[in-house]
Trainee: 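Got a structure here, written out as structure tokens. Questions coming.
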Number of protein chains: 2
Amino acid sequence: MPSKPLPYERIANELRVGIIDGRLAAGAQLTGENELMQRYSVARETARKALRVLRDEGLTLTRRGVGVFVRDARRVSRHASRNPAIAAVDETSAGMVGVEEVADNVTAPEHIARALGLREGELVCRRVQRQYAGVSTTRRSALYIPMGLAVEASITELDFGPGGAEARLREAGHAPARANEVIRVRMPFRPEAEDMRIEGAVPIVTILRTDYDRNGLAVQASETVLDGSRYALEYDFPLPEA
Amino acid sequence: MPSKPLPYERIANELRVGIIDGRLAAGAQLTGENELMQRYSVARETARKALRVLRDEGLTLTRRGVGVFVRDARRVSRHASRNPAIAAVDETSAGMVGVEEVADNVTAPEHIARALGLREGELVCRRVQRQYAGVSTTRRSALYIPMGLAVEASITELDFGPGGAEARLREAGHAPARANEVIRVRMPFRPEAEDMRIEGAVPIVTILRTDYDRNGLAVQASETVLDGSRYALEYDFPLPEA
DNA sequence: CAGTGGTCTAGACCACTAG
DNA sequence: TAGTGGTCTAGACCACTGT
């Protein structure tokens with residue numbers, strides 16, 4: 001173990017405790033590169049490295065030309081059993097919030113086909129959503145319904161409103177009765193992070209969900225990508241007797 | 001958007017496609033700093049920056065004095081409804097695998113007290129586990145049982161075996177019937193990453209779980225920290241009628 | 001020992017943002 | 001325009017790993 005902390009570690013440590021103990025609150029600006037250089041008598045890259053450590057820990061975000069700031073750690077709860085799982089109003093952001101939505105029919109991607117029990121190449125009805133807060137995308141999701149079911153339930157591109165597809169499934173006797181979710185966590189690739197406008201080092205969460213009706217038929221599957229810093233995922237489930 | 005990719009971006013992009021399309025398989029060694037410097041005619045820090053991009057994306061891990069290698073992306077499934085939730089044998093690692101375990105009695109931390117419906121300062125029986133694969137810690141968990149219940153169920157430090165506490169609760173008529181889990185994702189702090197010997201940029205997952213018996217009494221709570229790159233979390237749950 | 005990555009410097013220029 | 005962070009260089013020394 002390091003008996004003597006390196007210069008950049010010392011600087012990073014001092015800044016970190018400032019954030020964790022609350023002296024530097026969310027939104028507060030950190031000491032910049034230039035002042036760190038003077039205050040600690042280090043070179044530019046060393047001061048930058050200290051700030052990079054904090055960014056890599058997800059504690060700060062950098063606004064180019066402006067400065068380095070403490071991230072807001074508030075999260076919105078996503079309760080998987082509820083519908084919608086995510087509350088409509090995103091409380092983590094003070095800025096513009098909204099959802100974009102498009103729908104179409106496509107051939108099922110391989111993992112979606114598997115989840116829905118379809119053969120490869122079969123058609124599905126798809127709805128893609130993108131939720132944003134300010135300039136950042138906080139959620140991207142794609143919902144897939146087997147074409148046969150969609151026709152049976154009179155689901156078309158136009159009927160995809162909030163909870164709308166589910167209402168149609170319900171009317172058609174295919175109300176979702178139980179669900180399965182598989183969660184994976186990873187760091188975004190750079191192009192991906194730029195696309196979602198994720199700032200700083202933030203993990204993303206991918207959720208593959210499959211809904212089944214009371215007969216065990218897979219009626220819809222969805223793939224969701226979340227900004228991992230903005231959500232807390234919650235589950236309630238029964239435990240087996242044995 | 002960048003019309004002209006920067007030198008470090010160009011290098012990072014070329015390496016990334018090599019990894020993603022499989023030319024560089026898991027475990028393969030990447031071109032090192034020194035050769036990147038020559039091959040692309042860039043300075044040391046520029047070559048390093050390119051490699052850092054991949055590390056920050058969780059694609060590679062660095063072994064000092066040895067080289068940069070492609071990470072193994074395999075994951076173990078953690079099925080929340082099963083007991084144990086994580087399969088005993090961790091298939092992601094070829095090296096040494098095991099679990100360390102210690103138990104004691106402590107006053108309940110604030111969030112655990114809240115989960116268990118205890119007043120602050122009340123005693124709980126605690127079991128701490130650390131699962132490791134090679135030198136890395138893949139899971140750290142702490143299980144808490146209210147002292148009153150532990151006494152009632154004849155749970156002592158010695159009785160905490162795998163599934164053992166649960167068996168005692170069962171015998172005492174407090175078999176867990178349902179559970180609640182709250183998942184959060186974040187980047188580890190540096191000391192934390194060093195403690196768990198997490199290599200590269202890997203998000204960690206924290207799970208706060210509370211188990212309830214059939215009367216709705218909270219019988220145990222646990223806090224788990226997972227290496228986010230090694231697990232896929234799976235849930236099965238019923239959906240409400242409405 | 002040679003080869004790897006890790007840290008650091010001193011200086012330069014650029015890109016972005018705000019007043 | 002002044003101040004911020006982003007990139008890059010050329011060179012140095014160190015720490016760690018394996019043979």
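Just so it is clear, the model here is predicted, and its values are computed rather than measured. So that the names make sense, note that chain A is the first sequence line, chain B the second, and so on, each numbered from 1.
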Trainee: Suppose the criterion is salt bridge (charged side-chain N to carboxylate O under 4.0 Å, His left out): which pairs have a residue in residues 28-44 of chain A, not counting sequence neighbours?
Mentor: A:Glu33-A:Arg44, A:Glu33-A:Arg48, A:Glu35-A:Arg39

Trainee: Please report, rounded to the nearest Å, how far the C1' atom of D:dC16 is from the CG atom of A:Leu6.
Mentor: 14 Å

Trainee: Got A:Val124 and A:Thr107 here, is their nearest side-chain heavy-atom distance under 4.5 Å?
Mentor: no

Trainee: Is there a side-chain polar atom (N or O) of A:Asn34 under 4.0 Å from OP1 or OP2 of D:dG3?
Mentor: no

Trainee: Map B:Arg44 and B:Lys49 onto DNA chain D by nearest heavy atom, then report which one ends up closer to the 5' terminus.
Mentor: B:Lys49

Trainee: Hey, could you give me the CZ/CD1 distance between A:Arg71 and A:Ile19, rounded to the nearest 0.5 Å?
Mentor: 11.0 Å

Trainee: Given that A:Glu45 and A:Gly65 both sit by DNA chain D, which one's nearest nucleotide is further toward the 5' end?
Mentor: A:Gly65

Trainee: Using chain B heavy atoms and a threshold of under 4.0 Å, write down where along DNA chain C the contacts begin and end, 5' to 3'.
Mentor: C:dG3 to C:dC8

Trainee: Could you pick out which residue, A:Ala47 or B:Gly67, lies toward the 5' side of DNA chain C when each is mapped onto its nearest nucleotide?
Mentor: B:Gly67

Trainee: Is DNA chain C part of any stem, that is, at least 3 consecutive Watson-Crick or G-U pairs with both distances under 3.5 Å, and where?
Mentor: C:1-18 with D:1-18

Trainee: Can we say B:Asp195 and B:Arg140 salt-bridge, meaning some charged N sits less than 4.0 Å from an Asp/Glu carboxylate O?
Mentor: yes

Trainee: Closest heavy-atom contact between A:Glu9 and A:Pro5?
Mentor: OE1-CA, 3.7 Å

Trainee: Atom CE of A:Met37 to atom P of D:dT4: distance rounded to whole Å?
Mentor: 11 Å

Trainee: Between B:Asn13 and B:Arg16, do the side chains contain an N or O donor and an N or O acceptor separated by less than 3.5 Å?
Mentor: yes

Trainee: Return whichever of B:Glu33 or A:Val66 has its heavy-atom-nearest nucleotide of DNA chain C closer to the 5' end.
Mentor: B:Glu33

Trainee: Does the side chain of A:Ile204 reach to within under 4.5 Å of the side chain of A:Asp227, using non-hydrogen atoms?
Mentor: no

Trainee: Tell me the closest heavy-atom pair linking B:Pro203 and B:Met187, and the distance in Å.
Mentor: CA-SD, 3.8 Å

